[in-house]
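Data first, discussion second: the structure below is written as structure tokens.
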Amino acid sequence: MESCPSVKNILLLDSDGKRVAVKYYSDDWQTNSAKEAFEKAVFTKTQKTNARTEAEIAMFENNIVVYKFVQDLHFFVTGGEGENELILAQVLQGFFDAVGLLLRGNVDKKEALENLDLILLCLDEIVDGGIILETDSNVIASKVASNSMDAGAPLSEQTISQALATAREHLARSLLK
């Protein structure tokens, strides 16, 4: 039986293998300690590779892991062993490029942590419940950026509270009509 392509997790780790932003869509890792052990093992296996110019693919614990590094950040997308590597690579590239757009090309740990809300929204736009929704980085970045209260504000200065304030405003307007 054919099914839609799915993702088990998307990881964004720093150069020490610590979490910056992670999202799990599979029950393969039941506990937080199991998730952290998987992250550490994947990081350890891939840290000696040079995945800076293009994505690399590895088999790990019956999973396909596609990964890419930039500065002090490591991007990972994991799928089941039967998943198409090209689709997983497209998800990775969409996430990687959207983060680059949202952080205005300044992709490093400090900037990522300062804009963690944008990165988490980015993850939500790409995958929902393991199902791939979007891989076009321009569409992802524009959907994330559209949650800003002030459209003229730089993307790196937008916050979740601004997005909530905008939603509150739209709801109030629709109720008053």
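This is a predicted model, so every value here is computed, not measured.
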Between [atom1] on residue [X] and [atom2] on residue [Y], distance to nearest 0.5 Å:
| X | Y | atom1 | atom2 | answer |
| --- | --- | --- | --- | --- |
| Leu123 | Leu118 | CG | CG | 11.5 Å |
| Ile64 | Ile87 | CD1 | CD1 | 10.5 Å |
| Ser137 | Ile126 | OG | CD1 | 9.0 Å |
| Leu116 | Glu111 | CG | CD | 12.0 Å |
| Leu88 | Gln93 | CG | CD | 13.0 Å |

Self-check item: Modelled atom types, side-chain donor and acceptor of Lys8 and Asn63, under 3.5 Å
Solution: yes

Quiz item: Glu83 and Ser6: side-chain donor and acceptor closer than 3.5 Å?
Solution: yes

Min side-chain heavy-atom separation [X]-[Y] under 4.5 Å:
| X | Y | value |
| --- | --- | --- |
| Leu92 | Lys68 | yes |
| Ile10 | Val127 | yes |
| Glu125 | Lys143 | yes |
| Phe95 | Thr135 | no |
| Val77 | Val65 | no |
| Leu13 | Val20 | no |
| Phe75 | Val107 | yes |
| Val42 | Lys45 | no |

Check this for me, if you would: do [X] and [Y] make a salt bridge, where the nitrogen-to-carboxylate-oxygen distance has to be below 4.0 angstrom?
| X | Y | value |
| --- | --- | --- |
| Glu39 | Arg19 | yes |
| Lys109 | Asp72 | no |
| Glu36 | Lys40 | no |
| Asp124 | Lys23 | yes |

Quiz item: Who passes side chain to side chain contact (heavy atoms under 4.5 Å, CB included) against Ile131, sequence neighbours left out?
Solution: Cys4

[X] and [Y]: which non-hydrogen atoms are nearest, and at how many Å?
| X | Y | answer |
| --- | --- | --- |
| Ile140 | Cys122 | CG2-SG, 3.4 Å |
| Phe38 | Glu61 | CD1-OE1, 3.5 Å |
| Phe76 | Thr46 | CE2-OG1, 3.3 Å |
| Ala89 | Val66 | CA-CG1, 3.8 Å |
| Ala58 | Tyr67 | CB-CE2, 4.0 Å |
| Ala21 | Leu120 | CB-CD2, 4.0 Å |

Quiz item: Going by the angle between their ring planes, with limits at 30° and 60°, are Phe69 and His74 parallel, tilted or perpendicular?
Solution: tilted

Quiz item: So, the side chain of Asp16 versus the backbone of Lys18: is there a donor-acceptor pair under 3.5 Å, distance only?
Solution: no

Quiz item: Under 3.5 Å, side chain of Asp14 to main-chain N/O of Gly17, donor-acceptor pair present?
Solution: yes

Practice problem: Take Trp29 and Asn9, measure what side chain to side chain contact (heavy atoms under 4.5 Å, CB included) needs, and give me the verdict at the end. | Solution: CA-CA 10 Å; Trp29 304 275; Asn9 64 45; 3.5 Å; yes

Exercise. Identify, with sequence neighbours excluded, every residue that meets salt bridge (Lys or Arg N to Asp or Glu O under 4.0 Å) alongside Asp128.
Key: none

Would [X] and [Y] show up in the same hydrophobic cluster when neighbours are defined by side-chain heavy atoms closer than 4.5 Å?
| X | Y | result |
| --- | --- | --- |
| Leu113 | Val99 | yes |
| Phe96 | Ile57 | yes |
| Val144 | Val22 | no |
| Tyr25 | Leu133 | no |
| Tyr24 | Ile132 | no |

Practice problem: Evaluate the criterion side chain to side chain contact (heavy atoms under 4.5 Å, CB included) for residue pair Thr78 and Val7; output intermediate values, then yes/no. | Solution: CA-CA 6 Å; Thr78 306; Val7 170; 5.9 Å; no

